[in-house]
> 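Below is one structure. I have some questions about it.
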Amino acid sequence: MDEAAGAALATGRARAAGTGISTAFGTFGELLQGVLPEDDGDFLVTLPVARWTMASFQADPGSDAVRVWPPHKKKALRLTSMILQDCGLSVGGLLSLESTLPEGKGLASSSADLVATARAVANALGEPMPPRRIESYLARIEPTDGVLYSSIVAFHHRSVRLRALLGSLPSMTVVSIDEGGAVDTVDFNRIPKPFTDSDKREYARLLDRITRAVAERDLPEVGRVATRSARMNQVLRHKRQLDAMIGICEDVGGLGVVVGHSGTTLGILLDTADPSFVGKLASSAQACERLAGNVTVYRTLSFH
């Protein structure tokens, strides 16, 4: 190795000697998900919740092996290697992930893992990692939710492309059940979508409605759109308890029902600022426990 090459290698290893830490939030399913009457029409509208993945990357300039903990987080490991290679660094390191998001339930756990990983590795290397750069990496790995934006977004998850930043909503609570099992995002997105041209036109109208509802902070309209989207998704991934959950929501005076379109979760949306919130929360939780034998409560995120 000549002197110049040795100096460049030493500089690169020194650059990669840091530790980076970052987080990414998850979502409770989607407020809306379907197909629009256009090319690359698969889209979703996110519902960010206060559950996170935290990623930590410790670069090791003395090694070229990249490891991940827990070991099954292979997609995050692949992403780390991609970023290091893209930066021209032959170094190793340890990526550690901790998450409060259950896997395979439609809560964007995999997307949160990958976004937190990209940010943590970039922080360790001192590399810029804007959303569009993260999208370019994730598009090479799997369909992805729009959790890299601090906003409710309309997002083309198959092509990993932002459609629109919609804004923020007042805090809501999701009283949820889990029908059990797990869904692989990649496998789910290989399923042909049986939506008709009429369905696609309806999805376009629903996207217009949810866009206006977020802009106007109209929670009842948000609930109506979410419920309609949940019903339309039944032809793609049937939820056994959807009708029962809609019935509970109507009984307690909730806003609507939101589901993990590609997952196993269903939830009743409640307005946290409603004067009757505490009673509605208790009634919803009791009814969900009787229905499914499990109940989990989530709080949505509001952004400023």
Side-chain angles (χ1 to χ4, degrees), residues 23-52 101 106-108 111-112 114-115 130-135 138-139 143-174 185 195 199-233 254-263 265 267-273 298-304:
T23 63
F25 57 79
T27 69
F28 191 92
E30 300 81 21
L31 289 171
L32 173 63
Q33 181 170 320
V35 182
L36 298 170
E38 59 188 52
D39 292 339
D40 186 26
D42 291 85
F43 80 104
L44 55 81
V45 175
T46 58
L47 180 59
V49 292
R51 294 285 185 98
W52 287 269
L101 292 159
L107 303 184
S111 296
L114 294 176
V115 171
R132 190 65 195 96
R133 184 175 179 184
I134 297 176
E135 288 173 350
L138 270 51
T144 302
D145 292 88
V147 300
L148 61 167
Y149 296 98
S150 295
S151 172
I152 295 171
V153 299
F155 199 79
H156 291 281
H157 51 287
R158 283 194 172 184
S159 57
V160 192
R161 175 173 61 87
L162 178 69
R163 184 181 183 91
L165 297 170
L166 302 188
S168 185
L169 286 170
S171 175
M172 294 182 286
T173 292
V174 186
T185 301
F195 298 125
D199 292 332
K200 293 176 183 180
R201 289 191 295 272
E202 181 169 2
Y203 277 120
R205 292 192 294 271
L206 289 170
L207 179 56
D208 287 341
R209 286 174 58 188
I210 198 72
T211 299
R212 288 194 302 272
V214 174
E216 296 169 4
R217 300 169 72 84
D218 184 347
L219 296 185
E221 175 69 348
V222 167
R224 287 188 288 268
V225 172
T227 302
R228 179 56 184 156
S229 185
R231 287 194 183 279
M232 291 183 71
N233 195 63
L255 298 166
V257 171
V258 61
V259 301
H261 290 69
S262 61
T265 50
I268 295 167
L269 285 169
L270 300 175
D271 179 357
T272 308
Y298 297 82
R299 183 67 64 91
T300 67
L301 289 174
S302 293
F303 302 98
H304 302 286

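From a predicted model like this one, the values you see are computed outputs, not experimental measurements. These values consider heavy atoms only, across backbone and side chains, with no hydrogens, waters or symmetry-generated copies.
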> Might you point out which heavy atoms bring V160 and R132 nearest each other, and give the distance in Å?
O-NH1, 4.2 Å
> Could you measure the distance from the CG atom of L107 to the CG atom of D145? Nearest 0.5 Å is fine.
9.5 Å
> For the residue pair R299 and S171, what are the closest heavy atoms and their distance?
CD-OG, 3.0 Å
> Do you know which of R201, R163, K200 makes salt bridge (Lys or Arg N to Asp or Glu O under 4.0 Å) with E38?
R163
> Which value, rounded to the nearest 0.5 Å, describes the distance between L165 atom CG and I152 atom CD1?
11.0 Å
> Are T27 and V147 close enough that some pair of their side-chain heavy atoms sits under 4.5 Å apart?
yes
> Can you tell me how far the CG atom of L219 sits from the OG1 atom of T272, to the nearest 0.5 Å?
8.5 Å
> Ignoring hydrogens, what is the shortest heavy-atom contact between P170 and S302? Give both atom names and the distance.
C-OG, 3.5 Å
> Can you check whether V153's main-chain N or O pairs, donor with acceptor, with T46's side chain at less than 3.5 Å?
yes
> Please give me the minimum heavy-atom distance between Q33 and Y203, naming the atom from each residue.
O-CE2, 3.2 Å
> Can you find a pair of side-chain heavy atoms, one from L138 and one from E135, that are under 4.5 Å apart?
no
> Report the distance from atom CG of L169 to atom OG of S151, rounding to the nearest 0.5 Å.
9.5 Å
> For the residue pair Y149 and F155, categorise the inter-ring angle as parallel (less than 30°), tilted (30 to 60°) or perpendicular (more than 60°).
tilted
> How many angstroms lie between atom CG of L31 and atom CG of L47, to the nearest 0.5 angstrom?
4.5 Å
> I'd like to check T144 versus H157 (side-chain heavy atoms, cut-off strictly below 4.5 Å). Are they in contact?
no
> In the structure I gave you, are the side-chain heavy atoms of E216 and E221 within less than 4.5 Å of one another anywhere?
no
> Using modelled atom types and a 3.5 Å cut-off, is there a donor and acceptor pairing between side-chain atoms of H156 and backbone atoms of D40?
yes
> What are the two closest heavy atoms between L101 and G26, and how far apart are they?
CD1-CA, 3.7 Å
> Are any non-hydrogen side-chain atoms of R212 and D218 less than 4.5 angstrom apart?
no
> Check whether T300 reaches the backbone of V49 with its side chain - one donor and one acceptor, N or O, closer than 3.5 Å.
no
> Please answer whether the main-chain N or O of V225 pairs with a side-chain N or O of S229 as donor and acceptor at a distance below 3.5 Å.
no
> What heavy-atom pair brings A112 and A24 nearest, and what distance separates the two atoms?
O-CB, 3.5 Å
> With side chains defined as the heavy atoms from C-beta onward, is the minimum distance between V45 and L207 less than 4.5 Å?
yes
> Could you check R228 against L206 for side chain to side chain contact (heavy atoms under 4.5 Å, CB included), going step by step and ending with a plain yes or no?
CA-CA 9 Å; R228 179 56 184 156; L206 289 170; 3.9 Å; yes
> Would you compute the distance between atom CD of E202 and atom CZ of F195 and round it to the nearest 0.5 angstrom?
10.5 Å
> Once you measure the plane-to-plane angle for F25 and F303, does it fall in the parallel (<30°), tilted (30-60°) or perpendicular (>60°) bin?
tilted
> Going by heavy atoms in the side chains, are T265 and V174 under 4.5 Å from each other?
no
